Amino acid sequence: MLVPLGPILDSLWDAINTVIRPIAGAAVAALIASPSTDIPTVALAAAGGAIALITHLAKATTRLAVNTSPEPASNVAVSVAEDVAVAGTLAVAFVNPWVAAVIALVLLLAASAVALTVARMARRGVRRIRAWSTTSDPSA
């Protein structure tokens with residue numbers, strides 16, 4: 001079966017632009033709001049926005065997996081861990097921003113790894129369900 005590439009490329013382009021458009025819009029808005037702002041500052045702000053988006057997506061993926069667990073302990077533990085991580089990183093940021101940046105990077109990498117693992121597990125589960133549903137005969 002031959003799959004047309006047009007819709008796939010179009011969807012891929014839309015997914016990429018879902019990330020790019022808000023960041024570029026924020027950069028343009030920063031330049032409009034303060035014309036004296038220099039380009040490196042705006043580029044750093046846009047990079048911060050991109051990192052915030054990636055972090056949010058990783059957190060949302062992880063929370064989706066945690067929220068589906070039937071017992072409340074993991075949900076509470078993850079929620080408290082999130083709050084402690086944010087408060088702790090902010091406290092460190094006021095004292096030493098570079099140390100906070102390293103902490104944030106480590107947390108970003110950890111959250112991304114967890115989100116990718118959850119996504120792989122979900123895909124594997126979907127494949128198993130599809131395989132099971134196509135092999136079982138409902139009319140039998």
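Predicted model only: the values in this text are computed from it and were never measured.
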**Message:** Within this structure, what is the CD1-CG distance for the pair Ile103 and Leu108, rounded to the nearest 0.5 Å?
**Reply:**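 Those atoms lie 13.5 Å apart.
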**Request:** Give, for atom CG of Leu107 and atom CD of Glu82, the distance between the pair rounded to the nearest 0.5 Å.
**Result:**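 Answer rounded to 0.5 Å: 11.0 Å.
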**Request:** Take Arg120 and Arg123 through the side-chain contact (heavy atoms from CB on, under 4.5 Å) test and state the conclusion after the steps.
**Result:** CA-CA 5 Å; Arg120 277 191 215 111; Arg123 270 185 261 138; 4.2 Å; yes
**Message:** Whether the side chain of Ser133 engages the backbone of Arg130 through a donor-acceptor N/O pair (distance < 3.5 Å, no angle test) should be reported.
**Reply:**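 The answer is yes, because a donor-acceptor pair under 3.5 Å joins these two groups.
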